[in-house]
Amino acid sequence: MNDAVAESLELLSERVGDPKPMIYARLFERHPETEALFVMDKGGHVRGQMLSMVFEALLDGGERLAGLIGIERMNHMGYGVPDEAFDNFYALVMETVREALGAAWTEAMEAGWRARLAALSAAAPA
Ligand code: HEM
């Protein structure tokens with residue numbers, strides 16, 4: 001598949017294995033109030049499930065998952081996650097991938113990610 005976003009995510013997993021700890025560390029650093037929301041998630045299963053949907057949405061660009069993302073947006077309002085934080089999660093993942101890839105991050109990846117983030121916010125607007 002000629003997809004710079006997919007390629008960057010593959011490289012990420014080759015380099016760091018499971019990216020979950022570094023992505024959630026960045027979330028809790030940026031939005032410290034969100035850490036308490038996960039206290040019940042002892043084994044990290046919910047965090048894992050959430051991240052796999054986020055990756056799926058990023059690979060899909062919102063074409064297939066737009067409806068589900070809208071539902072998750074509403075669920076997340078119920079958890080106390082405002083729309084803005086919800087939407088920024090994709091960009092936070094991009095920053096994490098870019099930092100982890102370092103010199104292996106390409107211009108095509110930057111462009112591909114930016115296009116994908118724009119597609120996602122258009123497909124599942126607040
Ligand atoms: C700052 C952004 C976000 C925060 C703080 C956040 C927080 C949470 C929390 C606290 C839970 C656990 C809820 C519970 O069961 O008690 C959760 C679950 C989940 N999140 Fe997120 N979330 C964010 C963004 C997203 C995004 C962008 C998506 C997908 C597009 C997503 C998809 C999910 C899914 C699929 C689950 C598990 C099942 C569910 O509760 O519906 N989350 N999230």
Side-chain angles (χ1 to χ4, degrees):
M1 192 195 344
N2 182 19
D3 175 349
V5 174
E7 196 192 322
S8 70
L9 290 174
E10 273 161 32
L11 263 181
L12 178 74
S13 82
E14 275 169 29
R15 288 190 171 211
V16 307
D18 180 7
K20 196 168 69 164
M22 60 168 64
I23 290 173
Y24 282 93
R26 189 175 281 255
L27 173 67
F28 300 151
E29 193 181 289
R30 177 116 3 124
H31 301 287
E33 72 286 0
T34 61
E35 190 162 6
L37 299 174
F38 290 96
V39 286
M40 301 299 283
D41 185 28
K42 299 269 186 271
H45 288 106
V46 174
R47 273 167 287 177
Q49 205 185 323
M50 171 164 144
L51 204 53
S52 58
M53 182 170 170
V54 166
F55 285 153
E56 220 183 308
L58 282 165
L59 293 173
D60 166 70
E63 286 186 20
R64 204 169 44 82
L65 287 188
L68 260 184
I69 296 170
I71 292 168
E72 280 306 338
R73 181 190 286 292
M74 276 193 297
N75 288 343
H76 282 67
M77 275 301 227
Y79 309 148
V81 178
D83 278 334
E84 204 198 329
F86 184 84
D87 289 326
N88 283 339
F89 194 75
Y90 306 114
L92 188 141
V93 174
M94 176 177 102
E95 287 169 27
T96 313
V97 180
R98 187 168 51 200
E99 196 173 286
L101 261 51
W105 179 261
T106 63
E107 275 179 31
M109 288 174 189
E110 180 76 30
W113 271 88
R114 295 211 175 272
R116 203 59 59 81
L117 298 190
L120 269 178
S121 49

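Here, residue 1 is the first one in the sequence, and each next residue gets the next number. All ligand and atom numbering here is 1-based and tracks the order in the structure.
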Result block: side-chain N/O donor-acceptor pairs under 3.5 angstrom for residues 118-126, not counting sequence neighbours:
{"unit_1": "S121", "atom_1": "OG", "unit_2": "L117", "atom_2": "O", "d": "3.2"}
{"unit_1": "S121", "atom_1": "OG", "unit_2": "A118", "atom_2": "O", "d": "3.3"}

D41 backbone acceptor or donor facing R47 side chain under 3.5 Å: yes
Flag, side chain of N88 to backbone of E84, donor-acceptor distance under 3.5 Å: yes
Contacts of type side-chain contact (heavy atoms from CB on, under 4.5 Å), residue Y79, not counting sequence neighbours: N75, H76, V81
side-chain contact (heavy atoms from CB on, under 4.5 Å) against E95, all qualifying residues, sequence neighbours excluded: R26, R30, R98
For L12 against A100, the heavy-atom pair lying closest together: CD1-CB, 3.5 Å
Result of checking M109, M94, E110 against S8 for side-chain contact (heavy atoms from CB on, under 4.5 Å): M109
Environment of atom 21 (Fe) of ligand 1 in terms of protein N/O/S atoms, cut-off under 2.8 Å: M50 SD, H76 NE2
Atom 38 (C) of ligand 1 [closest protein heavy-atom partner, distance rounded to 0.1 Å]: Q49 NE2, 3.9 Å
Protein contact of atom 10 (C) of ligand 1 - nearest heavy atom, named by residue and atom, plus distance: L37 CB, 3.4 Å
Ligand 1 atoms in contact with [X] (distance to a heavy atom under 4.0 Å):
| X | answer |
| --- | --- |
| T34 | 5 (C) |
| F38 | 7 (C), 8 (C), 9 (C), 10 (C), 11 (C) |
| A85 | 1 (C), 2 (C) |
| Y90 | 27 (C), 30 (C) |

For ligand 1, the portion of L27 having any non-hydrogen atom under 4.0 Å away: side chain
Whether Y24 and F38 hold their rings parallel, tilted or perpendicular, with breakpoints at 30° and 60°: perpendicular
Interatomic distance, L51 atom CG to Q49 atom CD [nearest 0.5 angstrom]: 11.0 Å
Sub-4.0 Å protein heavy atom next to atom 16 (O) of ligand 1: no
E33 atom CD, over 12 foreign heavy atoms within 6.0 Å: yes
